[in-house]
There are 2 protein chains.
Amino acid sequence: MFSIPNMSSTDDLTAKARIRDAALRLFGSAGVGRVSMQAIAAQAGVSPALIVHHFGSKDGLRRACDEHVVSMARGAPGRADAASRDAPGLAAMLEGAGAERTYLARALLDGSPAAADLFDEIVDTTTAWLAAGEQEGWVHPSEDPRARAAIYVSWLLAPLAFGAHVSRVLDDDITDFDAILRYSRHSVEMLTHGLFADERWLDAWDAVRDHRKRQAPR
Amino acid sequence: MFSIPNMSSTDDLTAKARIRDAALRLFGSAGVGRVSMQAIAAQAGVSPALIVHHFGSKDGLRRACDEHVVSMARGAPGRADAASRDAPGLAAMLEGAGAERTYLARALLDGSPAAADLFDEIVDTTTAWLAAGEQEGWVHPSEDPRARAAIYVSWLLAPLAFGAHVSRVLDDDITDFDAILRYSRHSVEMLTHGLFADERWLDAWDAVRDHRKRQAPR
DNA sequence: CACGCTACTGAACACATGTTTAGTATCCCG
DNA sequence: CGGGATACTAAACATGTGTTCAGTAGCGTG
């Protein structure tokens, strides 16, 4: 039924790939619901009918985009380096052009299964990475490593969703590498020395918990 | 031209408010583009024509939703307390029900002006708050306080966009207050003691910067 | 009561939507 | 050279879309 000759990410020039790319761009910047088949077809320089010929339906196209952008984010498997320990694909995505970024953010918001799987994978990878760091002594121990990893990942992905706003506030260009660099500096600093200089907010949190416990012993 | 008799957030029961709430819910969970006037009308128990009577157009309704959710997030002005120093409205939104949360996330992704203004405001508030903390000695000094505040805000808002995924990973209920509490625990901990126990990642960042500087002296 | 004004509806409208159908060009394999 | 896939298009189609129109019910004011 379905025969997909080549789905690699470098063959691009075939009409099918052009359609996928056009859809990715339009979906990313406007959201799936606000982009019509005809708009995608026009952008890709093909007829609307060809889209359904290749992808079955609009939702089929959307799914293909999901999987493509997810596999982009996954990038080459395994490799980890010093500057960004994450898969280089994800790093490129966090730095890179706007369309795929917002597409991925939208996919996560829409609850796309492929995107959810990606999120889980990143959490897994991060958990393992932090566990190793804990063992090697360069990561603080945690009561609930997986929960901490999940939160760290949500911070890691924050620029996907809010990058445009952050860079607007900072009056920077999101696509500029130096801006990204400056951005990450503050992140690394907060993750290394913390933001707060004493424990007052931790204490405040304890107070809230105790209050809660006493009020609703459950 | 426009006469808005009462837009307070407690009068709810009028058809106009019902429409707005229904739209908020549907827009939030599916995205504006995928929700039809008729669906909203049905959910609110009115005719589609009444929507345009009250809001002019679908986009007018969307704008009204934007402003409503933003003013919700703003909440009662000024007040700050220990557990969550942010406006209580925002705190409630970060904890609270799913529809408005994702609506706000979508509004930020879509670049809604009202949402962008809100983001800027939060950054301003946070900057001032951190500056006070710096002066009082419970916040580490920063080279670029505003940039740091912006990034902190993006982390603060991360659950808006990824809360569903985080809570899925943690197998928790997002609406459960105890889960939120546990969530925030890890955040406060990372923001207090940091995530990393030594400076290797800061050093790594410096290495990248130096490398970059030498390679592209610009 | 009469008047205007607002809230509200049912039906219709013009149009954009995703998809189908029938058909043509092109290429590959015998 | 056939012949059967595959890539692709133009046109038509059914339906869903946002919006308009004409009109009714109700309510407060002069």
Handout entry: Distance test, side-chain N/O of A:His54 to OP1/OP2 of D:dC8, below 4.0 Å
Key = yes
Exercise for the section: State whether A:His53 places a side-chain N or O below 4.0 Å from either non-bridging phosphate oxygen (OP1 or OP2) of D:dC8. Expected result: no
In whole Å, I'd like the distance from the [atom1] atom of [X] to the [atom2] atom of [N].
{"X": "B:Ile51", "N": "C:dA7", "atom1": "CD1", "atom2": "C1'", "value": "14 Å"}
{"X": "A:Phe55", "N": "C:dT20", "atom1": "CZ", "atom2": "C1'", "value": "19 Å"}
{"X": "A:Leu61", "N": "C:dT17", "atom1": "CG", "atom2": "P", "value": "15 Å"}
{"X": "A:Lys58", "N": "C:dT19", "atom1": "NZ", "atom2": "P", "value": "8 Å"}

Exercise for the section: Compute the angle between the rotation axes at the two ends of the helix from C:dC1-D:dG30 to C:dG30-D:dC1, each taken over five pairs, rounded to 10 degrees. Expected result: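 The angle separating the two end axes equals 0°.
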Of the non-hydrogen atoms in [X] and [Y], which two are nearest, and what is the gap between them?
{"X": "B:Ala64", "Y": "B:Arg20", "value": "O-CD, 4.5 Å"}
{"X": "B:Ala116", "Y": "A:Arg168", "value": "CB-NH2, 3.4 Å"}
{"X": "B:Ala22", "Y": "B:Gln43", "value": "CB-CG, 3.5 Å"}
{"X": "B:Ala105", "Y": "B:Leu160", "value": "CB-O, 3.7 Å"}
{"X": "A:Leu170", "Y": "B:Ala150", "value": "CD2-CB, 4.1 Å"}

Exercise for the section: Among the candidates D:dT9, C:dA7, D:dT19, find the nucleotide nearest to the side-chain atoms of B:Leu50. Expected result: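 From the listed options, C:dA7 comes nearest.
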Handout entry: Closest listed nucleotide, where the reference is the side chain of A:Ala49 and the choices are C:dT21, C:dT19, C:dT9
Key =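 Within the option list, the nearest is C:dT21.
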Practice task
Name all pairs fulfilling the salt bridge (charged side-chain N to carboxylate O under 4.0 Å, His left out) condition that reach into residues 146-162 of chain A, sequence neighbours left out, sorted by first residue then second.
Solution key: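 Listed once each, the pairs are A:Asp124-A:Arg146, A:Glu134-A:Arg148.
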Problem - B:Tyr152 and B:Trp129 aromatic ring geometry - parallel, tilted or perpendicular at 30°/60° bounds - result: tilted
Handout entry: Donor-acceptor under 3.5 Å (A:Ser29 side chain, A:Ala99 main chain)
Key =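 Here the side-chain-to-backbone pair does not exist.
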Exercise for the section: Look at the side chain of B:Arg18 and the backbone N and O of B:Ala44, then say whether any donor-acceptor pair between them is shorter than 3.5 Å. Expected result: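 Side chain of B:Arg18 to backbone of B:Ala44: a pair is present.
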Handout entry: Members of residues 25-41 of chain B that approach DNA chain C, where some heavy atom sits under 4.0 Å away
Key = none
